[in-house]
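One structure is given below, encoded as structure tokens.
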Protein chains: 2
Amino acid sequence: MTKKEKRPTIKDIAKIAGVSHVTVSQALRDFSCISESTKTKVKQIAREIGYTPNLAARNLALQTPASIGMIVPTLGSETAYNEVINSLSELAAHEKLCLLLGSCNRSTELEALYCKMMCENRVGALVIASCTSDVSHIKEICDGLVPIIFIGGKTGTSVENYILPDFYNSGKIAVEHLYHLGHRKIALFLYFPDNKTLQLKKNGYLDAMEERGLEPLIYWNGENTDTFQAGFSLTEQLISRNQLPTGIWCASDLMASGVIEALKIHGIAIGKKVSVMGHDNLFFSASPSNSLTTIALPKDEIALTAMDYAKKIIAYNTDSSMPKPDCKITLKTNLIIRNSTGRLL
Amino acid sequence: MTKKEKRPTIKDIAKIAGVSHVTVSQALRDFSCISESTKTKVKQIAREIGYTPNLAARNLALQTPASIGMIVPTLGSETAYNEVINSLSELAAHEKLCLLLGSCNRSTELEALYCKMMCENRVGALVIASCTSDVSHIKEICDGLVPIIFIGGKTGTSVENYILPDFYNSGKIAVEHLYHLGHRKIALFLYFPDNKTLQLKKNGYLDAMEERGLEPLIYWNGENTDTFQAGFSLTEQLISRNQLPTGIWCASDLMASGVIEALKIHGIAIGKKVSVMGHDNLFFSASPSNSLTTIALPKDEIALTAMDYAKKIIAYNTDSSMPKPDCKITLKTNLIIRNSTGRLL
DNA sequence: TTGTAGGCGTTATCAT
DNA sequence: ATGATAACGCCTACAA
């Protein structure tokens, strides 16, 4: 049970330098009231004995958060969260904040556990892409303790703070793009389980179709939860029934890539006879084998907006008497044109 | 400058319950020396006023780490780190440890910054998939402060603690699989920049070819850094020169998917006339449009092994006089058979 | 069974 | 320019 030798602290430096630990603290932080000579001496000693400040202690004394948290359903190629994290991690670092990450592996129990841990770790703000639309378990744990920003669309605008891509507008963008290319038989492919994000896409699609006097064609896949398979089998069915539309907008890129695969197998010219669009602009969508026209999520903007709010709410919680900031933001999605759509021949 | 009202502490509970804050602390942690009645009373009050323990304070007092860190070059679909993180995040949570994540976006400067932050946050262990083979900047910052486990292959076995997939053996697995299917003209496709991981794969390939008396065929792509394009153009070249091998092992799945795309365009029957293998078992490899036979990284095992070592080194650093644990581990990769390989016709 | 005293590493405040 | 003291929230050790 021999304790290992501990990390050096400012007191150790103080002892060696023959000054008080307060002087050391101030010297290291370049206080103007400390003489240059002691500053250099203190810093020299700090370097020699390998001193590293203990942030836990600092933040305890300062009563200020050292980190922000992010919770995602899962990290994988079928989601866009990894790219949000890429940005958020860097943005946070520039604010001297660490990023605490929790990946739920789709488990609500884990999600709740992460929420608890984040609260106990006093994150300054918590960015959550929830696993489910019902976030009561999250609110119960975090409310009043830690400010939450919901992203990812599962919750819609039913929460206090959200950053949402404008999925409704995506519907309009998709229809407009296909219409502009000469398509009139424009279908929307959806998958189960239904959720708020899909509803918004559907409504945007429906309104855009109505504006143009077109008859909406909405198809739900049978029972596939795998959206690639859903797109694939839906296309197979429509081909066999001879009901294939000329323009297809899929609610997800994964589904669209299933559609593309089915079209290829049947030798149907993609972007010529049939145009296909997806949504999200995931990694594989850009690959030449898909070359998928899609609608990109504003990943960087989500991270930027979240960090911006985090900074504001941390400032608000730290001192100040300014009005409490909130975050109800809808960000535009962007059309990315590739080869899977083209003028109708 | 009006400070917001602070979070309740054990002292607040103590005041309300009319006991000392130590009693509260022990009651909340279910010490046997506390009476049931005070326990329930204390817990009741804690719930009512919304008390959450402050882990920073607890760990400061206990001198024990609250988290582990992980640093990756980037989070994206072309790497397997996201799945390692999925596991590690959950494993850490079960040990009551938070996961601090840093995504470098390929920047060595950011990597160094993260290292510094992780040290200041006193992570119990740091899992790093370094951006570069040279990790001197990391060692300079972390050495003696925080135990590091290198994963990802960039460093090879040149570091104190590593968890490496057995890339050499992957070469043997690949050749054996293709040989077993009747292939004799078996090529290895590599991409720039060269690195230790590629060298190991190459050596395994060369030895396996030599064992069978086969002539090695190693192709490097010209100048593409995008590995999909590298695989694509390399295949195009070989086809035009009429030098296409019957078995192709690509050092990465991304490259393999470029090969598959080129073969499809030329109408060459994949898994029949030409068999293609990749490496890593990334997300898109399983998709029906690739259906790529590949060699899987032991992602879960990497996370398990890393967490296991983290626990041991934290225990070692906390108390105890046991010998210092180390971690020099090579994990077997696994053949995943799909439709891109088949018996040579 | 409960309370008192002291410490974890840092910072702010106020003296000197 | 520097130091003494108290505080942040929680814990252990020991005493009552």
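Hydrogens, waters and symmetry mates are skipped; everything else that's a heavy atom, side chains included, is used. So you know, we letter chains A, B, ... as the sequences are listed, proteins then strands, and number each from 1.
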Kindly state each residue pair satisfying side chain to side chain donor-acceptor pair (under 3.5 Å) with at least one member in residues 138-162 of chain B, sequence neighbours excluded.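 Listed by first then second residue: N161(B)-Y309(B).
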When you compare the side chains of Y81(B) and S103(B), does any donor N or O come within less than 3.5 Å of an acceptor on the partner?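 No pair is found: no donor N or O on one side chain lies under 3.5 Å from an acceptor on the other.
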Does one side chain, of D134(A) or S136(A), offer a donor that lies under 3.5 Å from an acceptor on the other?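 A pair is found: one side chain offers a donor N or O, the other an acceptor, under 3.5 Å apart.
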To the nearest Å, how far apart are [X] [atom1] and [N] [atom2]?
{"X": "N59(A)", "N": "dT11(C)", "atom1": "CG", "atom2": "P", "result": "9 Å"}
{"X": "K15(B)", "N": "dG3(C)", "atom1": "NZ", "atom2": "P", "result": "15 Å"}
{"X": "D30(B)", "N": "dC11(D)", "atom1": "CG", "atom2": "P", "result": "13 Å"}
{"X": "L28(A)", "N": "dA12(C)", "atom1": "CG", "atom2": "P", "result": "13 Å"}
{"X": "K39(B)", "N": "dT2(C)", "atom1": "NZ", "atom2": "C1'", "result": "13 Å"}
{"X": "F31(A)", "N": "dT11(C)", "atom1": "CZ", "atom2": "C1'", "result": "8 Å"}
{"X": "Q26(B)", "N": "dT12(D)", "atom1": "CD", "atom2": "P", "result": "8 Å"}

Just to be sure I understand the rule, does S25(B) reach a base, reach only the sugar-phosphate, or reach nothing, if contact means heavy atoms closer than 4.0 Å?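 Sugar-phosphate, backbone atoms only, no base.
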So which protein N/O to nucleotides 6-9 of chain D N/O distances come out below 3.5 Å?
{"residue": "dC8(D)", "atom": "O3'", "partner": "Q63(A)", "partner atom": "NE2", "Å": "3.1"}
{"residue": "dC8(D)", "atom": "O2", "partner": "A61(A)", "partner atom": "N", "Å": "3.2"}
{"residue": "dG9(D)", "atom": "OP1", "partner": "Q63(A)", "partner atom": "OE1", "Å": "3.3"}
{"residue": "dG9(D)", "atom": "N2", "partner": "A57(B)", "partner atom": "O", "Å": "3.4"}

Overall bend - the helix from dT1(C)-dA16(D) to dT16(C)-dA1(D), comparing terminal axes fitted on five pairs, nearest 10 degrees: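 End axes: 40° apart.
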